[in-house]
Structure formats: structure tokens, C-alpha cells
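In this text the structure is predicted, and so the values were computed from the model without any measurement.
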Amino acid sequence: MLDKTAENGEFKVIGTRPERPDGVDKVTGRARFGADMVMPGMLIGKVLRSPHAHANIKSIDTSAAEALEGVKAVITAADFTADVPEAEYDTMVNCIAHGKALYDGHGVAAVAATSRSIANKALKLIKVEYEVLPHVTDVEEACKDDAPLLHDNIFTEGLEETPTTPSNISGRVQFGHGDVDEGFAAADKVVERKFRTEATHQGYIEPHACVGNLSPDGTGELWCCTQGHFMVRNSCAAILGLDISRLRVTASEIGGGFGGKTTIFIEPLALALSRKAGRPVKLVMSRDEVFRATGPTSSASMWIKIGAKNDGTITAMEGLLKYQGGAFKGSWVSLGCMTAFACYRADHMKTVGYDVLVNRPRAAAYRAPGAPMAAFAVESVVTELAGELGRDPLEFRLQNAAKEGDQSSYGPKHRAHGLMETLEQAKAHDHYNAPLGPNQGRGVACGFWFNFGGQTSTSLNIGADGTVNVSVGTVDVGGSRASMCLMVAEELGVPYEKVRCVVADTSSLGHNDITDGSRTTFSSGMALILSARDAKQKLCARAAKIWEIPEDAVEWVDGHARPAGPNAGEFDPMSLAEVAGKAETTGGPIAGHHECNARGAGVSFATHMVDTEVDPETGRVTVLRYTVFQDAGKAIHPAYVEGQFQGGAVQGIGWAINEEYIYGEDGRLQNAGFLDYRIPVASDLPMIDTVIIETPNKGHPYGVRGVGETSIVPPMAAIANSVSAAAGVRLTELPMSPPRVLKAMDDAKA
Amino acid sequence: MVKVNLWGSLKSAASGRASIDVEAQTIRQMFRALGEQEPGLVPILDSGITVAIDGQIYRDDWFKEVDDDSEVYLLPRMEGG
Amino acid sequence: MRFEAPTTVEDAVSLLAAESGMARVLAGGTDLLVQMKSGISEPDLVVDIKRIAALHEISEEDGGFRIGAAVPGIALGEHAGVKAAWPGVVEGTELIGSTQVQGRATMVGNLCNCSPAADSVPAMAAAGAIARVVGPNGSRDVPVEDIAQGPGKSTLAKGELVDSVLLPARPDHASDAYLRFIPRTEMDIAVVGCGVNLVLDANGTCTDARVALGAVAARIFLVPAAADALIGTSVDDAALDAVAAACSAAATPIDDKRGTVEFRKKVSGVLARRAATIARDRAKGTA
Amino acid sequence: MSQVHVHTKINGDTTEFLCEADEPLLDVLRDRLGLTGAKEGCGTGDCGACSVMVDDRLVCSCLVLGAEAEGRTIETIEGMADGEKLHPLQQKFLDHAALQCGICTPGFLVAAKALLDHNPDPTETEVRYWLAGNLCRCTGYDKIVRAVMDTAAEMRGA
């Protein structure tokens, strides 16, 4: 469906870098985020959380808390109905424990009180009797036969024969083609290694926050920070037994999500408290709660084996991935398996994945969920194998890169994409040939992500002065409203400044899927372009009426209605403002709409290059230089595309070097704060250079590919390759924290 | 006939078959035909599944056309971050 | 909780002494407020000492400097005299937290928080700094390394507070340095900290030295063997190797979320060597 | 619990408030005075999103008690623009796309202004270390650092 405009590259405003529509509010402190909302009569909610990693809840006595002056409601699992649809059941149980606390931080009860200090006091008055159970937080330990069992109703799915005993392994998946044994037999060199990664957190700076207001008649409103307010509405309605139509959810400005705000944690609790108290309830997580009780990534245990001929041809690729997804099934191991080898062409590929349950918070998506850890393992082995073959790591990748028509690791044949281009640009970049000093190393790695479309509904309204309002239902996490306005301005032929975009509430548009899967600029952009085309038709029709000529005799060019040809008649072109100004007398308001399940999302590839230096005496890693090469299809607002590349790379740097969930022997999280969960700070980093590659996606009118997720796939591998070169020893565990790097270097010397 | 390729571990729900030929013009017809041939697939198809047609990914898209010479792969439900 | 902001040290001491519940002194508050937020500390009385004018002063005393308990890190860093005489103490204090924390956190507060990982304390201990403890029974002078009893626990009696710390006078050819190891470049708690203070004679021979380690035991402590390894030498490679070995040997760390025993012991030596080198070069005027 | 009566000047306005003795200044600003520009990202001084100026010192308002503000002068993000004229830093943050989600932006702006007031010609390293107490998870800091450097250059030229 690639549009003529894009093919000819004749964009007027696409590709420019204007100020974002929400910009002034964001730099003046006026923008309203989740915790900034106040409703009249509002109470403050707080959640009591389990201090145990695994415990039966024998009883909960809330009487003393309820008796405290200022406490207006106390809720436990007993306040939630049992007949919740299966799809939402785990989500509900993750919000509030039903009979059993499954991880340190699992919600057990909640209170609403007239002040924060009273709510805190009330929490201390709730008496919970726990029967502490043995726990398991390690993915390998959880797979053992004698591991403490989280659920007695989970039997491993995906096996040839359905097992009869329950397990912490909820499923096995397998992908691939060919026969890897045959492939390895044909190889001259084979490298295989085991890898481990720890869980990381999205680390958005804004803790989850919401204000719920639910009337006894089941009509309610909810204000919250989320990546998908329609998802919040549907989930909360299901859990609380409400009609979807009665719950209006408004998405606040959102202070980062990265996948972590694609599900709910506190929203149904706020609504249930509100229903019980008869007043609005605000619930805001503390940072400690964010780390303990929201959705970090999986930790992973992986084995990768790759073989190649002496001429550099990869003959076989095989992997075994075990991902823990926390206390419920649904780690992203399938996506790890599907993406692991997606950058390569080989006749024989096989990945097997296990979805493992442990006593940790339920994993949530984090930017290209499941892919980064697999890429860390695979790209490490690819570089090592290149070294064994005496090949340059970029050359080796260029030789084996998947191209259009090659069978992909996840099944279908690849369509046109920009992987080769990222590799070629990387090879040609001056970064690749810059000199390195002592204890320094350079690493490269590739990464792949699918990108998704999904349900999308948009509206476009033209004002009497010719300015344009557009409404989307996809939350703007990183500046997407600017891109929306650019696309509409391009399509209508009006200046960017004349178009404004809002994220509408759930009662104002059709259902929109979450802002996830790098889909927003793609899907809402596509729907808006089609909304604009819808509006253009109506504008032409109005002009035709005014001119009293047939509708098909009018065309829309450069923001004006014009007679389509010499036979249409002699009329001066009418601008959008002129047609809009006559809307009242020509048939009423002029608007455009589009609803779709957006098809045609294009995959995106990236190659990252990084130089690091390792302190040989302390193992400390310093990132010296970093360059991202990524295919954006078409960069609508290049500054925000660069921003996605840079942000993803830096999150990957954190994941590679310092970020990790640290559990104690007692199964409790040891580092539930930004002090010891060490995300990169400004002084840790160099500038992050970016090269935007534009291989248009034929599935989008302007050629857009999602860009938000791919950028976190290569960094850990690129850094591992760089650090391994600098340290003189292959690093196989994340994070590559100083004690780990120093030990690896010392062990290698010994 | 459309040749529908299953991902590795889906075979266990389809009598060990790696691919299944069905008569279908749309994804919906394809799902229906698959379920008739291999009832073990029905719960998985119902739980939401992704379909790749000629390398393009479709989620929840019943009426997308499938041609006899289309390359069709079933894939697990995918979600991003 | 009660909040008081007295204007004299005597009033502060009286308030602290008279409180029957838990009383805490508030200087910069960058530790106390975090402890209150997490529920680790639930004081009945908080005494803000920042309204006591004298405690904001940095004054010269017997050729040294007396640093008031309410002097924030940023003010210490802005004091040219202290910076010239005790660059290690200043850099230790300036490493406490972010720019924002520097606007609040005080060296004395860092001392009284009794964290074994406190950044200003190894340098102060190496400097031979003396804390002046004021209490209901008058004042007493205490070497800074004796203020902490263990993590979060001080040797101060009820009603006592540290109103200032004295950094002693400096002879010629003397300097100090503090280094800490953290995984990031900022915002972390020391995994290992090391302060080295030394005096050279005109020929560059070390005549006096003190070496202190942080974050590798329950308290910050002096390593006399490391000091002995420096004294009488030109602080050459052999002496530096001996300092490193002495510090690695003296460290008795634990495994925790911030580092392993093995790592901390090794890095204690690495930092001691590096800090001693910096202090030597500063004393020689070649830094 | 009896409350503390505090007199301050906030963004040039004489302001009185009552607060609990153990209530952080951040909560006072946000919950009692409606100044929600300062954000709580951590409540423990680790993220800088609540940065404000107290008597010309940059602080995390989560690490200051409201009661301590007696007689102090406080400046917040809400006071940074001069009426409808943005401060040059605010404009440069927009020009450079130095924000994505924007939750950290008020804290960065307050901290960056404190830097430029104190050092009009900072090096990139100085900018990075000064701002190390302000966490941003979206941008990787690249565009933020560029925006601050560019503002400094422009203000020096002005």
C-alpha cells in the first residue's frame, strides 16, 4: 500500500523536526502525569505487600485497620469475584494474592484513608498470618524435579506427551527448519557456549499511579499512567464485573513505560477501594513497590551452538533458552526463540525454549521482549566463531546475513529489509576503523524485532478556521503526537502548526490496542493518514457543492480543493480554511475517521558498534564510543527516531554492565531502588551516534517501520563482544559488573 | 490447497504433522479447516495466534485472503513492549 | 513526630537530652529522610541544627580547619583553604551523592550516620580529624574513626551531637587523597573506599602516613601496616605494592549486593595504591 | 498530630502552609500547594525528578522537610519561564528533542539552570557530572547534554 508520495520521496513536512505539540507543557511542569491528578474528596490508597517469597495466606485480619479513624475502606482478595474470565485471572491474582503469596512484594491487602500517614498506619494494623513455604527464584533451580512448586495445576505444555505431574515449566516451544545434526556435521568449526542473564527492570522514572472513582451503580472513571488505557478499561471491567461502556479510562501523560505499563497492577485495587469507600481513591506506587511488584524481564539461562565452514558459511544454528517469567506463565521465551537467529541465513536452525515459573514478580514486556537476551548469546557466539575462522566480525555477518527470500529462523521467508544496509554502513563508518588504546575493545552485534500493527481507531476534526484536531487512542510515550501531526499535515497539505493531536479517552474512540510492539507511529499513523484521506474526500465534496460541479471533478492538491481538469470549470482553488469556514452552511462539521486492525508492520534490523575500556585491576567497564545503525523505514520525525535509537542503546548499556535483580537467600529482592538498581547516569556515557537507514516498509503509506524496540536488541551483545576483546576473555553472564569481569580476567590468567 | 506450516512444538497438537494442506480463501476459513483436520489445534487457534502470509505478520485478522501459492506459517501470539 | 529548629547548640543538646522517645539530629537530612521514608527510622523528635549559625562556619584553628556540622558538601568544596590543605577530605565529601545531595549533605552527618561505606570518613580518619562531641555534660574530642560503633550505630551518648570536626594543621610537602570504587561514575555507595594521608620530607621521603579503608568491614578503620609500609620510603613501586598488600590483607568484607569478598579485598589494594600515588604526587606538587 | 506552620517565598510569592512535621517538601509542593511540576520518581534522592532550589542551592525536595522551609526561598520549575517567555533552557530542550516522556524534564531543567547560573561555560564532562543525579530512562542523555551545551553557548553569546 506504499503511497506515491513516499515512493517519490516528495515529502514536504515528513522528515522535519518541529517542536512537539505537548512540548511547552512538558518543559514548564504543566503536563499532568499519573500522580498529578486530584479529584474532589479523594482518598489515598496504599497496598500491603507480602514480605515472603512464597507463603500460604492463612488469614487476614483487617478489623484494627478498619477501626482506625480516617480509614474508609480495606480490601483483600475476598473483595474480588471468582468468576473472572480466564484471560484476566492471572492478572487479577497478580494484583492481589488469592490464598498464596507468590513473590516478595505480592499485594495482599489495600486500604484507602483520608491521608497518606493514616493509610500507612492502617497497613501496619492489618494482621496477616503466613505459612512460609520453600521458594525458588533461579530459573535452573526451578526446573529441577525437587524444586518448590508454585502451582499444582500447571503441566508442561508442548511436549509429545502431556505430563501427569505438575511442574514449574509451563511450556516448551520449538522453532526451526532443516536438520541441525546434518548442519553441524558439515561444519568445519563449531562454537557452543552457555550464557546467563539476570532480570532487569524497564526503570521508567514515573511509578505507576492512578485515581479511580467508581460509583455503586458500576459507573466509573479512571485516570492512570499506562501504555494502553483501552487495555486497562477492559481488564478492570472484567476483574470488577463492570460493563466496558461504564468505565471511562483517561490516559495521563506517561513517564516512561518501555513495555512495563502494558498491563495493570494497581488500577483494579483503586477502583475496588473507591467502590467500597464511595469516594475517589488515588493509588501511587513507591519506587520500592515498582521494583518488587511490577513486571521486570525474565532472567535467562541459554545455550547456543553455531557451526560454519572454513569459507565462512554458517551451516547450522541451535539454541536452548530457559526464561523465567515470574510466578505466572507467559515469559517471552517464544519470542526469544523466534528472534534468536533472525539475522542469519542457515539451512539448519533449531531453537527450543522453556517457560519457567519462579517466586518472582510476573514478568512484563520490556522493549522487544525476549529478544535482547537471546541476541546477547547468539551474537556473542557469532563473533567468537568469526574469530575462530579468522574473519572480520562484520564481514562474517555480511556473508551470512538473512536477505529477502531467505527462510527465517521463525518460519516464513524474509521480505525486503535493511539488515545488509546497516552492516554495510557500519563497515563504512569511521568508527569501525578508529584506533583503539590499551585495554580497549570494539564490539559489533545485530538485532531484529518484528514490530506489530493491531487494532486502531482515529478521528480527525476540522475546525471552522481550517485548523485540525486529531484524536488517537494510542498513548504517546515518546513524542508520537508530533509524528501524528506531521503525517496529517503532510496528507492534508497544511502547515504542521495547524494540526494538534490528543490522546482521547476510552469513551471517545473505538478500541485501540496498547502502545506496544513499536506500533504507534506505524498503526495510528496509518489510520490517521486514512482518516485524512477520508476528510479530503469530504472537503472535495464540499468544494464541489460550493462550485456546483460534480464531486469527482474536484481534487485535493497542496492543501487546496481544485477543479480536477479544464472541463471541471474555472474556479480559484479553495484552501482548507476556506472550505472549512463554509462547513456550517454546506452540511455541517467536516471530519475523517478510520478504524482498522493495522496490517503490514515491517520488521526492523539494527547493527550496533561500541568501544569499551576495561580497567584491568578492577574490571570496571567504561563505554567510550557508541554508534547505532538502524532501519527506520521512513523517519517521520528524525529527532525522535534518533531518540529511540539512543534510549534503547543506553538501556542496553545498563542491562549489559550493571542492572540486575538481586535476590537474597530469603527470596527477597535486595535492591529495590535506584541506588542499587543501577541504571546509567549521564556521566557514565558518551554521546550515542546514530545512523538512520530508510528502507521503506511497503505495508505503510509513508514507508514507516516501528523503531522503538529493535534498538535494545543488539547492545548487550555488542558490549559483550567489546568487553571480551578488551578483557581478553569471553564474558558469558550479564550484567558484566566489575566483580564478574575481574573474576573472569583473573580466572583466565590462572 | 494452501500449505500451512506449523511451528516446531505445535506439531505435538497436530498429530506430529509439520504442515497441513487445507482449502481456504481467508485466515478464518483456514483456521476452521485446520481445526476440522486436527481438533487438537482448536484450543490453540482459539487462544489467539499469529499468521505469517508471505512473510507478513497478521494478528486477529480473520478475513485476510490466503492464496494457494501463499507461504503460510502459524506463529505463537506475539506481543511487544 | 515533633520538629524543632533551635538556634544554639545548647538548646539542641537540651532538646535531644529531654526527649524520652527517639530523637534524631537533622543536618543535611539526606540519610535521615531516606530512613524515615523507608520506615527504618521513625523518630519522635527531629532537631534541625541548620538554624545554629555557628555550625555553618569553616574556621581556622591552630593552623587547621574546624568544619561546622551544618556545612554542606558544596560549601566545603567552595572553600579554597580546606581544598588546598586537605584535597582528599574534600573529594571524599564531594563524592557523597549527586549535585542535589551536595547542596544538603554534610561531612559531619556522613560521619554520624555511621555507614561503613561513608565517603568522607576514610579521608577524615586518614587525616587524623577530631570530632567535637557536645552533650549535656559538656564537650569532648573524639577521633573520627571512633564515632561509629557499627553500621548505623554510634558511640554518642543520649543528648550528644557532633558539632564540628577539626582537620589538623599541615606541614609542608603533605597531602592526601581519597578514592572509592563504584560500578557507575556517580550515585553509588562505595564498594571500597580508601583514604591516604602522607607527609614527605624535603627529599621526598615519607615521614608520616595514615591509611584508612571504608566499606570492607563493619566500621571504617585505619590500616597501620599500610602506613608503616609508606613511612621511610620514597613512596616508590615497592612501597606501593606493600601498601596494596597490607590493605588487601586488612580488609574483612562481606559478600553483598554491592560486591564480593574476593573483589573487595583485591580492590582495597588497588585503590590504596592509586590513592597513595595521588597523595604522593600532590605532596610533591607534581599532581 | 499537630501541624507545623511554615512561611516561605515560592517562585517569588509569599506562601504559607501547614504541614506535618515529617512531611517532605516535595509532598507539600505537590499535594498542598498544587505545584506538581516536581515529580516523585524515587522519594530517596536517587533520581532528581523533584529537584528545586532552596535558598539558591539545588536540592531534591524529597530530601527536605516542609518544616525546614521556614523563611527560605524556593524556586520550582513553575517559576522558570518568565510569563509566556520560556527560559532559554526550556526552548532548547524543545528544539533538541531533549525529552521523550518528559517526567524527568522539570528536574533536569532546574538542575541545568543551577549549573549554568554557577558555570556559564561548562564542558561536556561537567554537564554530565552535574546532571548525574537526574535520571532519564528515555533519551540516553545525548540530546539533553546537547541542549544544555547549546543553551550555555547561546546565553554566553547573548
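Looking at A:Val27, both its backbone and its side chain come within 4.5 Å of chain D, counting heavy atoms on both sides. With a threshold of 4.5 angstrom between heavy atoms, A:Tyr677 approaches chain D through side-chain atoms but not through N, CA, C or O. A:Ala649 does not touch chain D: none of its heavy atoms, backbone or side chain, sits under 4.5 Å away. In this structure, chain A has a heavy atom under 4.5 Å from the side chain of D:Leu109, while its backbone stays farther away. For A:Val24, the parts sitting under 4.5 Å from any heavy atom of chain D are the backbone and the side chain alike. Contacts between D:Thr139 and chain A at a heavy-atom distance below 4.5 Å involve the backbone alone (N, CA, C, O). When heavy atoms are compared at a cutoff of 4.5 Å, A:Leu685 approaches chain D by way of both its backbone and its side chain. For a residue to count as touching a neighbouring chain, one of its non-hydrogen atoms must lie under 4.5 Å from one of that chain's; by this rule D:Leu86 touches chain A with the side chain only. Neither the backbone nor the side chain of D:Asn134 comes within less than 4.5 Å of any heavy atom of chain A. With a 4.5 Å cut-off on non-hydrogen atoms, D:Glu23 does not touch chain A at all. Proximity to chain A (any heavy atom under 4.5 Å) is shown, for D:Tyr129, by both the backbone and the side chain. At a 4.5 Å heavy-atom cutoff, the contact between A:Pro686 and chain D is made by backbone atoms alone. Neither the backbone nor the side chain of A:Glu253 comes within less than 4.5 Å of any heavy atom in chain D. If you measure heavy-atom distances from A:Phe258 to chain D, the contacts under 4.5 Å come from the side chain alone. Interface residue A:Thr28: backbone and side-chain heavy atoms are both found under 4.5 Å from chain D.
In this structure a side-chain-to-backbone donor-acceptor pair under 3.5 Å is present from A:Trp223 to A:Gly34. For the pair D:Glu40 (side chain) and A:Pro207 (backbone), a donor-acceptor distance under 3.5 Å is absent.
Atom OH of A:Tyr204 is separated from atom OH of A:Tyr366 by 10.5 Å, given to the nearest 0.5 angstrom. In this structure, SG on A:Cys224 lies 10.0 Å from NZ on A:Lys261, to the nearest 0.5 angstrom.
A:Glu19 and D:Gln91 are linked by a side-chain donor-acceptor pair at a separation below 3.5 angstrom, with hydrogens and angles left out of the test. Side-chain contact of A:Thr294 with A:His201: a donor-acceptor pair under 3.5 Å is present, judged by distance alone.
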- Query: Should A:His608 and A:Phe629 be marked as a ring pair (Phe, Tyr, Trp, His ring centres under 6.0 Å) after you check the CA-CA gap, both sets of side-chain angles, and the distance that decides it?
  - Reply: CA-CA 6 Å; A:His608 287 202; A:Phe629 307 84; 8.4 Å; no

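Heavy-atom neighbours of A:Arg625 CZ from other residues, nucleotides or ligands within 6.0 Å: above the threshold of 12. Atom CD of D:Glu16 is surrounded by more than 12 heavy atoms from other residues, nucleotides or ligands within 6.0 Å.
Your options are A:Glu642, A:Glu206, A:Gln644, A:Arg116, and the one with the most heavy-atom pairs under 4.5 Å with chain D is A:Arg116.
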